[in-house]
Each structure stands twice: as C-alpha cells, then as structure tokens.
Protein chains: 2
Amino acid sequence: MTDRDTSRTLAHPEAAEIRLEGVLHALSDPVRLSIVLDLAGSADDLACSHFDLPVTKSTTTHHFRVLRESGVVRQAYRGTTKLNALRRDDLEALFPGLLDSILTAAAAESSRLTRVTTGA
Amino acid sequence: MTDRDTSRTLAHPEAAEIRLEGVLHALSDPVRLSIVLDLAGSADDLACSHFDLPVTKSTTTHHFRVLRESGVVRQAYRGTTKLNALRRDDLEALFPGLLDSILTAAAAESSRLTRVTTGA
DNA sequence: CGTCTCCTTCGACGACTCTCGTACCATGGG
DNA sequence: CCCATGGTACGAGAGTCGTCGAAGGAGACG
C-alpha cells in the first residue's frame with residue numbers, strides 16, 4: 001500500500017549511507033552485540049530463530065531492524081524465515097579494521113566477565 | 001561535605017570496570033565523538049574550554065561526564081580548569097586496536113561527509 | 001483448506017538521553 | 001575583598017530507546 005513494502009523486500013542503507021555513529025550505537029546494546037558476535041562466529045547466514053535471546057520476539061524484531069538500518073547486517077527472506085548476515089565487506093571498506101576490533105573486544109570482554117562471574 | 005566531593009577528585013572507573021558497550025555508547029554521540037577525535041589529535045591534555053562545541057556549557061559538562069564514566073577519558077582539575085586526556089593505555093590493554101580503528105573510522109567518515117557536503 | 005511456524009506491526013509503558021537555563025561553587029587575579 | 005573565569009548541580013522538557021503483549025500476515029505442509 002504505502003511505500004513501505006512489508007512483504008518482500010527489506011530496506012537497507014547503501015554503503016555510503018552507513019554512519020559510524022549509527023554503527024556504534026547499534027553495537028552498544030548487549031543484545032545486538034551478542035547477535036553480531038554470534039553472526040561473526042558462524043560461517044554464513046543465520047535465521048532469526050537461531051538466536052537464543054533473553055527478549056521476546058517483537059523485541060528481537062526491533063533489534064534486527066536496528067542492525068539492518070544501521071548497516072551492520074543484511075537481511076533477506078527465505079520462505080518463512082529471515083536470514084541474517086554481517087555486512088563485513090561494506091563495513092571493512094568504510095571503516096577498515098573497525099568490525100574486527102569490536103568483535104575481538106566483545107569476545108575478550110565476554111570471556112573476561114565470564115571469568116569474573118564464575119570466579120575461575 | 002558529602003562523599004561526593006565536588007572540588008578535588010573525580011570518580012573514574014577502574015580499567016577492569018570499563019565495559020565495551022559503555023565505550024561504544026559514549027562514542028556513538030557526534031558531540032562526544034568530536035571531543036575524542038580532538039583529544040586524540042592533540043599531544044596531551046586539553047581543557048574543557050578548549051573545545052568549540054555546538055552546545056551549552058552544562059551540556060558539555062554532561063558529555064564529559066559520560067566520557068569519563070564510561071572510561072574513555074581521564075579528567076583532573078588544574079586550578080579552575082579541568083584537563084582531559086584519552087585513556088589510551090587502558091583502552092588498548094582491554095580492547096586492542098579498538099580506539100585506533102574508531103578514531104580512523106571517525107576521521108574517514110568526517111572527511112567523507114565533508115567531501116559530500118561541499119561537493120568537492 | 002486448516003494449521004503451524006516465523007516474523008511483523010501496533011500501541012503502550014518506563015527508562016534513559018540530550019538539551020537547556022538558572023543558580024551556584026572554587027580558584028585565581030586585581 | 002571583590003569579581004571574573006571555568007566548571008557544576010539541579011530541575012525540566014522533548015525525544016529516543018528497549019521492552020512487552022496482543023493481533024495479524026506470509027509461507028510451508030498436511
């Protein structure tokens with residue numbers, strides 16, 4: 001009906017439209033950071049339902065939209081599921097090394113906090 | 001008077017207390033990102049009054065507090081002025097390469113957007 | 001067709017953020 | 001001692017964010 005087609009295609013920002021502030025903001029939420037971390041650890045695409053997040057499905061939809069609209073992930077429908085992939089190439093071209101260092105930092109912090117929590 | 005001494009010392013998080021999400025959130029604001037960029041470009045410390053920000057003084061105070069409480073900058077009083085310095089070492093130890101890639105990305109985006117804006 | 005699964009939309013709520021103006025404190029110089 | 005300068009505290013207002021539940025659409029599969 002409107003210009004916001006709800007059925008087939010998903011709006012993604014062009015690479016040139018991606019803003020650093022948006023990416024940093026998208027990655028500053030623990031839920032979204034864990035999504036990105038999971039996505040980075042996997043070979044290719046992951047369905048939304050793959051993720052085990054501590055929020056409801058509508059909140060999950062919200063987080064994936066933030067990630068998509070900030071240019072961090074690319075999404076595409078495949079049947080009833082929606083596949084998600086990191087936009088590694090675009091991000092690397094715009095901000096060389098940024099994604100990797102954030103990913104490394106997130107992994108480091110995750111293990112650091114786990115160690116503290118478990119006391120090991 | 002109270003335990004919140006307003007005159008001499010400023011509360012900073014320990015290095016181990018610095019959270020990646022907090023750092024990313026702190027850096028996801030354009031004003032704060034420009035502060036950090038300016039701070040990184042300078043040799044050492046800069047007074048708050050050095051910065052030419054498009055906000056009022058109270059807002060500036062707010063942004064510097066966010067940067068300090070997230071562990072991005074260290075602040076110290078020197079007479080009537082307050083000096084600011086990036087916590088490069090702490091951040092580098094916690095998140096290797098992160099600050100540099102964000103700084104590089106910010107500089108790249110800044111020049112990219114300037115180019116677009118001026119049409120040059 | 002019926003139904004199941006996956007995901008979206010909508011409206012709502014509380015919390016937090018950014019911004020400001022005004023009043024204020026602390027240091028330093030005349 | 002008075003005042004100028006640099007920064008803070010305290011509201012307060014507008015906006016955004018993260019979260020949820022209920023309702024519903026789109027494919028797949030019997």
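By convention in this document, chain letters (A, B, ...) are assigned in the order of the sequence lines, proteins followed by strands, and residues within each chain are numbered from 1. The model shown is predicted, which means the values in this text are computed figures rather than measured ones.
Distance CG (B/Leu10) to P (D/dG6): 18 Å, rounded to an integer number of Å. At whole-Å resolution of the value, CG in B/Leu53 and P in D/dG7 are 11 Å apart. The CZ-P distance, from B/Phe51 to D/dG6, rounds to 15 Å in whole Å. If you take CD of B/Gln75 and P of D/dT8, they are 7 Å apart, rounded to a whole angstrom. One interatomic measurement links the two molecules: CG of B/Asn84 to C1' of D/dT8, which rounds to 14 Å at whole-angstrom precision. For the pair A/Arg32 CZ and D/dT16 C1', the interatomic distance rounds to 12 Å; values are reported in whole Å.
Taken from CZ in B/Phe64 to OG1 in B/Thr59, the straight-line distance is 12.5 Å, to the nearest 0.5 Å. Taking CG of B/Leu94 as the start and CZ of B/Arg19 as the end, the distance is 11.5 Å to the nearest 0.5 Å. B/His63 contributes atom NE2, which lies 5.5 Å from atom CZ of B/Arg32 (distance to the nearest 0.5 angstrom).
Residues from residues 58-71 of chain B lying near DNA chain D, meaning a heavy-atom separation below 4.0 Å, are B/Ser58, B/Thr61, B/Arg65 in numerical order.
Partners of A/Leu33 by side chain to side chain contact (heavy atoms under 4.5 Å, CB included), not counting sequence neighbours, listed by chain and number: A/Leu27, A/Ile102, A/Ala106, B/Leu20, B/Glu21.
As judged by a 4.0 angstrom heavy-atom cut-off over every strand, B/Arg78 is placed among residues making no nucleic acid contact. When heavy atoms are screened at a 4.0 angstrom cut-off, A/His25 is found touching the sugar-phosphate backbone but no base atom.
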Can I get a per-line list of side-chain donor-acceptor pairs under 3.5 Å for residues 11-18 of chain B, giving both atom names and the distance, sequence neighbours left out?
residue: B/His12; atom: ND1; partner: B/Leu10; partner atom: O; Å: 3.0
residue: B/His12; atom: NE2; partner: B/Gln75; partner atom: N; Å: 2.8

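Both B/Val55 and A/Thr80 lie near DNA chain C, and the one whose nearest nucleotide falls closer to the 5' end is A/Thr80. Each of A/Gly79 and A/Thr56 lies near DNA chain D, and the nucleotide nearest A/Thr56 is the one positioned closer to the 5' end.
Ranking D/dT8, C/dC18, D/dG18 by closeness to the B/Asp29 side chain, first place goes to C/dC18.
If you check the side chains of B/Ser28 and A/Ser28, you find no donor sitting under 3.5 Å from an acceptor.
Distances shorter than 4.0 Å separate some side-chain N or O of B/Tyr77 from OP1 or OP2 on D/dT8.
Using a 4.0 Å cut-off between charged nitrogen and carboxylate oxygen, B/Asp45 and B/Arg78 do not count as a salt-bridge pair.
Put simply, the side chain of B/Lys57 and the base of D/dG7 share a donor and an acceptor less than 3.5 Å apart.
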